[in-house]
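Below, all heavy atoms of this structure are taken into account, side chains as well, without hydrogens, waters or symmetry copies. Every chain is numbered from 1 and lettered A, B, ... according to where its sequence line falls, protein lines coming before strand lines.
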Amino acid sequence: MGVDLGELIEPEEIGFEDLHNKELAIDAMNTLYQFLSIIRQRDGTPLKDSDGNVTSHLSGLFYRTINLMENEIRPVYVFDGEMPDLKSKESSKRRKKREEARDEWEKLKDEGKISEAYSKATQSSKLTGDMIEESKRLLDAMGVPYVEAPSEGEAQAASMVGDEVYAVGSQDWDCMLFGADRMVRNLTSRKTRKSSGGGTKKISVERIELENVLDELEVSHRQLVWMGILMGTDFNPDGVHGIGPKTALKIVREHDSLEDILEEDKVKDTEFENDPELIEEFFLNPPVEETSYEFGEPDKDEIRKVLVEDHGFSEKRVNSGLKKLETALESRQPGLDSFV
DNA sequence: CCTGCAGA
DNA sequence: TCTGCAGGG
């Protein structure tokens, strides 16, 4: 969760074809967490193998990655490193919230309140170290590269946008605060989604460029970070009471320094979870590293071992995925004997 | 989220 | 060919 700039910005709708042959630095935690929350049965139970290990993240990662590669998009997954001190308070709060949600989910499930149970289940998602390791193992087997960030994955991904990497792939706007020049959202193969009203809503890939955001809002990158701090970020999730996107924008436009903003009437009584100056500094200069990675060939036996042998995936479905993967790679590097 | 199937 | 739905692990 983080900053919601969607109310202020109209993202540009694009298609997968606009990302042909482009590398995307995909925020791995964001993506896996999304899978874990969403890939569930009606009552909120995640997919599990016969030993009771959750497998939702592997299912999502496998099929999503194949879909990207079928569209000749080149994903590089970026994992989180060491948790920054700024996040430790929020992290323990989230753990507590997760545990409460888990208890309520069990209760509602037993009472047969299926849809209420589902929404609690999504809030109870916990990405464990084992899940992360297995995800990396699957990516290795698929020949898909990943890098480990020194600190926040979003920050690392943001720093990679440039010559090789076209954009950050994430649902989370925070990568813009970390200075990503470009991000893309909704990297899903589905074209529609059920809306709350009951109908279906069209969903398309969205492209957001930092330069355009700053132009449209008429703020600097630094001021965008201040907006985040006012609205709430991972490092001060409560933000300032009563300040949403519009008020935040108005306030930052009227000031030249964070110090001045903190003295504003609306802001000055706020108890921040962390020193706002430190939050500002972290967004503007996060720990990132030069990284190297390369795309490899898929090891089909290893993929089958991870998914079918170890976690009870249907061999038929996995094989059909492998077939798609193979054709995707063939079209990327057409051989001399291919008829095109 | 995803695939695969049924029925239009 | 498209859309909606069930079930995946």
Atom pair distance, as rounded to whole Å: [atom1] in [X] and [atom2] in [N]:
{"X": "A/Lys191", "N": "B/dT3", "atom1": "NZ", "atom2": "P", "value": "11 Å"}
{"X": "A/Leu58", "N": "B/dT3", "atom1": "CG", "atom2": "P", "value": "15 Å"}
{"X": "A/Leu47", "N": "B/dT3", "atom1": "CG", "atom2": "P", "value": "13 Å"}
{"X": "A/Leu36", "N": "B/dC2", "atom1": "CG", "atom2": "C1'", "value": "15 Å"}
{"X": "A/Glu70", "N": "B/dC2", "atom1": "CD", "atom2": "P", "value": "12 Å"}
{"X": "A/Ile39", "N": "B/dT3", "atom1": "CD1", "atom2": "C1'", "value": "11 Å"}
{"X": "A/Arg317", "N": "B/dC1", "atom1": "CZ", "atom2": "C1'", "value": "12 Å"}
{"X": "A/Asn71", "N": "B/dC2", "atom1": "CG", "atom2": "P", "value": "12 Å"}

Looking across every strand, which nucleic acid part, if any, lies under 4.0 Å from [X] by heavy atom: base, sugar-phosphate, or nothing?
{"X": "A/Ser314", "result": "sugar-phosphate"}
{"X": "A/Gln34", "result": "nothing"}
{"X": "A/Arg64", "result": "sugar-phosphate"}
{"X": "A/Gly60", "result": "nothing"}
{"X": "A/Ser37", "result": "nothing"}
{"X": "A/Lys324", "result": "sugar-phosphate"}

Q | Six-ring centre of A/Phe35, A/Arg64 cation under 6.0 angstrom, axis tolerance 45° | A | no
On the nucleotide [N], are OP1 or OP2 found under 4.0 Å from the side-chain N or O atoms that [X] carries?
{"X": "A/Ser189", "N": "B/dC2", "value": "yes"}
{"X": "A/Asn67", "N": "B/dT3", "value": "yes"}
{"X": "A/Ser320", "N": "B/dG4", "value": "yes"}

Return yes when atom [atom1] of [X] has more than 12 non-hydrogen atoms of other residues, nucleotides or ligands closer than 6.0 Å, and no otherwise.
{"X": "A/Glu290", "atom1": "CD", "value": "no"}
{"X": "A/Asp163", "atom1": "CG", "value": "no"}
{"X": "A/Arg102", "atom1": "CZ", "value": "no"}

Q: Quick one: pull up CG in A/Leu278 and CG in A/Asn236 and give me the separation to the nearest 0.5 Å.
A: 11.5 Å
**Q.** Cationic N near anionic O, under 4.0 Å, A/Glu104 to A/Lys107
**A.** no
Q: May I ask you to check whether A/Ser170 and A/Asp172 show a side-chain donor-acceptor distance below 3.5 Å?
A: no
Q.
Can you give me the first and the last nucleotide of DNA chain C (5' to 3') that has an atom within less than 4.0 angstrom of a non-hydrogen atom in chain A?
A. C/dG7 to C/dG9
